[in-house]
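Okay, so here's the structure we're looking at.
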Protein chains: 2
Amino acid sequence: MEISIDLNGSDPVFAQLIGQIKAAVQSGALGPGDPLPSIRQLANDLELNSKTVAKAYRLLERDSVVETRGYRGTFVHPEAKSNSEVDLNAWVNQTLTATIAEFRKSGVTDAEIRNAFVNVMNEPNN
Amino acid sequence: MEISIDLNGSDPVFAQLIGQIKAAVQSGALGPGDPLPSIRQLANDLELNSKTVAKAYRLLERDSVVETRGYRGTFVHPEAKSNSEVDLNAWVNQTLTATIAEFRKSGVTDAEIRNAFVNVMNEPNN
DNA sequence: ATATGTACCATCTTGTCTCATGGTACACAG
DNA sequence: CTGTGTACCATGAGACAAGATGGTACATAT
């Protein structure tokens, strides 16, 4: 499992980590149950902050590509391969595109859309 | 038609202008066909930049509260009263609230939602 | 002791958007 | 020549968030 990080790239580091691990899963380089390097270990190898690696692992676990077993470490999820193909962000992107297109078609200003957006995001609701 | 602007308020100036003109329409102080002060005139009276007043007028016309007749000036729209009750922003707010709630329910991070949002807003599509 | 993931505190830089400002210019009509 | 709305150029201040960093601490189990 070789991971290379481009600090000068436009993609954030944590996203590069996610992308490369997902790619390794899909190519078969990483199989179900395979152990991943520990957060601190990987951070040390790549000379990154442990919080950055932790962030990538946290998101990978939310997508069920990775499984964390407490103090025992992090492992590839049994259904990692199929789960790594699901793109939550693509769905969010499509939905937002359609919604915003409708707003604009109705004459709503981009500034108004952005304004409403931050209002909704910052509301104490759920 | 008396308009007072609070520079220290949290609401932006152009929004205060819109609000007060809509209020004047709903109270009957301004009736259909009544002329509004010209952009430069009002800007001068309130010691504002003409672009700020122009912004307010532009949005009022989009909402059909006001009618611009080219070089002749700006006038209250025939159906200004009913149109000034329609709240475009409320619709945007409700729609976004529902959409975002669904995202969150699916485990999407706020940071991811925000990221997707700015991507969609900045896309060169229409 | 050592190592696991995780949680909280915090700072800093970078980037982007809003709001409001200013200047200049145009076509139009009185 | 003056006044209408409108359109471009541009800039500055302020707010906000992402990304990444650092330190400290915890319960867990070997």
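These figures come from a predicted structure and were not determined experimentally. Residue numbering restarts at 1 for every chain, and letters A, B, ... go by the order of the sequence lines. No hydrogens, no waters, no symmetry mates; every other heavy atom, side chains included, goes into these values.
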Self-check item: Interatomic distance, A/D110 atom CG to B/N122 atom CG [nearest 0.5 angstrom]
Solution: 8.5 Å
Quiz item: Could you give the CG-to-C1' distance, from B/L48 to C/dG22, as a whole number of Å?
Solution: 14 Å
Quiz prompt | Under 4.0 angstrom between A/N49 side-chain N/O and D/dA20 OP1 or OP2 | solution = no
Quiz item: Looking only at side-chain N and O atoms, does A/S50 come under 4.0 Å of OP1 or OP2 in D/dG22?
Solution: no
Quiz item: What is the distance from atom NZ of A/K55 to atom OG1 of B/T109, rounded to the nearest 0.5 Å?
Solution: 8.5 Å
Quiz item: How is A/T74 classified with respect to the nucleic acid when contacts are heavy atoms under 4.0 Å: base, sugar-phosphate, or nothing?
Solution: sugar-phosphate
Exercise. Quickly work out the B/R58 CZ to C/dC19 P distance and round it to whole Å.
Key: 11 Å
Exercise. With heavy atoms under 4.0 Å as the rule, sort A/V13 into base, sugar-phosphate or nothing.
Key: sugar-phosphate
Practice problem: Among the candidates D/dG19, D/dT28, C/dC28, find the nucleotide nearest to the side-chain atoms of A/Y71. | Solution: D/dT28
Exercise. Determine whether B/K22 and B/D63 make a side-chain contact, defined as any pair of heavy atoms from C-beta on separated by less than 4.5 Å.
Key: yes
Exercise. Taking only the side-chain nitrogens and oxygens of A/S38, find out if one of them lies under 4.0 Å from OP1 or OP2 of C/dT4.
Key: yes
Exercise. Check the pair B/F117 / A/L96 against side chain to side chain contact (heavy atoms under 4.5 Å, CB included), numbers first and verdict last.
Key: CA-CA 7 Å; B/F117 179 79; A/L96 275 185; 4.1 Å; yes
Quiz item: Of all the nucleotides listed (D/dT21, C/dG5, C/dA20), which has the minimum atom distance to the side chain of A/Y57?
Solution: C/dG5
Self-check item: Distance, rounded to the nearest Å, where B/L17 contributes CG and C/dC19 contributes P
Solution: 13 Å
Quiz item: Just how far, in rounded Å, is C1' of C/dT6 from CG of A/L42?
Solution: 17 Å
Quiz item: Looking at C/dC28, D/dG19, C/dC17, which one has an atom nearest to any side-chain atom of A/R114?
Solution: C/dC17
Quiz item: Any side-chain N or O of B/N122 less than 4.0 Å from the OP1 or OP2 oxygen of C/dC17?
Solution: yes
Practice problem: Would you classify B/R72 as touching base, sugar-phosphate or nothing, given that sugar-phosphate means primed atoms plus P, OP1 and OP2, and contacts are heavy atoms under 4.0 Å? | Solution: nothing
Quiz item: Going by heavy atoms in the side chains, are A/L88 and B/F103 under 4.5 Å from each other?
Solution: no
Quiz item: Closest nucleotide of DNA chain D for A/P12 versus for B/G73: which of these residues is on the 5' side?
Solution: B/G73
Exercise. Compare side-chain N and O positions of B/K55 against OP1 and OP2 of C/dC19 and report whether any pair is under 4.0 Å apart.
Key: yes
Quiz item: Rounded to the nearest Å, what distance is computed from the CG atom of residue A/N115 to the C1' atom of nucleotide C/dC19?
Solution: 12 Å
Practice problem: Classify the side chain of A/R40 versus the base of C/dT6 as yes if they form a donor-acceptor pair under 3.5 Å and no if they do not. | Solution: yes
Exercise. Show your reasoning for whether side chain to side chain contact (heavy atoms under 4.5 Å, CB included) applies to B/E112 and A/L59.
Key: CA-CA 11 Å; B/E112 289 173 317; A/L59 289 170; 4.2 Å; yes
Quiz item: For the pair made of CG in B/N89 and C1' in C/dT18, what is the distance, rounded to whole Å?
Solution: 15 Å
Exercise. Have a look at B/E112 and say if it touches a base, only the backbone sugar-phosphate, or nothing, with a 4.0 Å heavy-atom cut-off.
Key: nothing
Self-check item: Gap between atoms CG and P, on B/N119 and C/dG15 respectively (whole Å)
Solution: 16 Å
Self-check item: Atom-to-atom span, CD1 of A/I18 to P of D/dA20 - whole angstrom
Solution: 10 Å
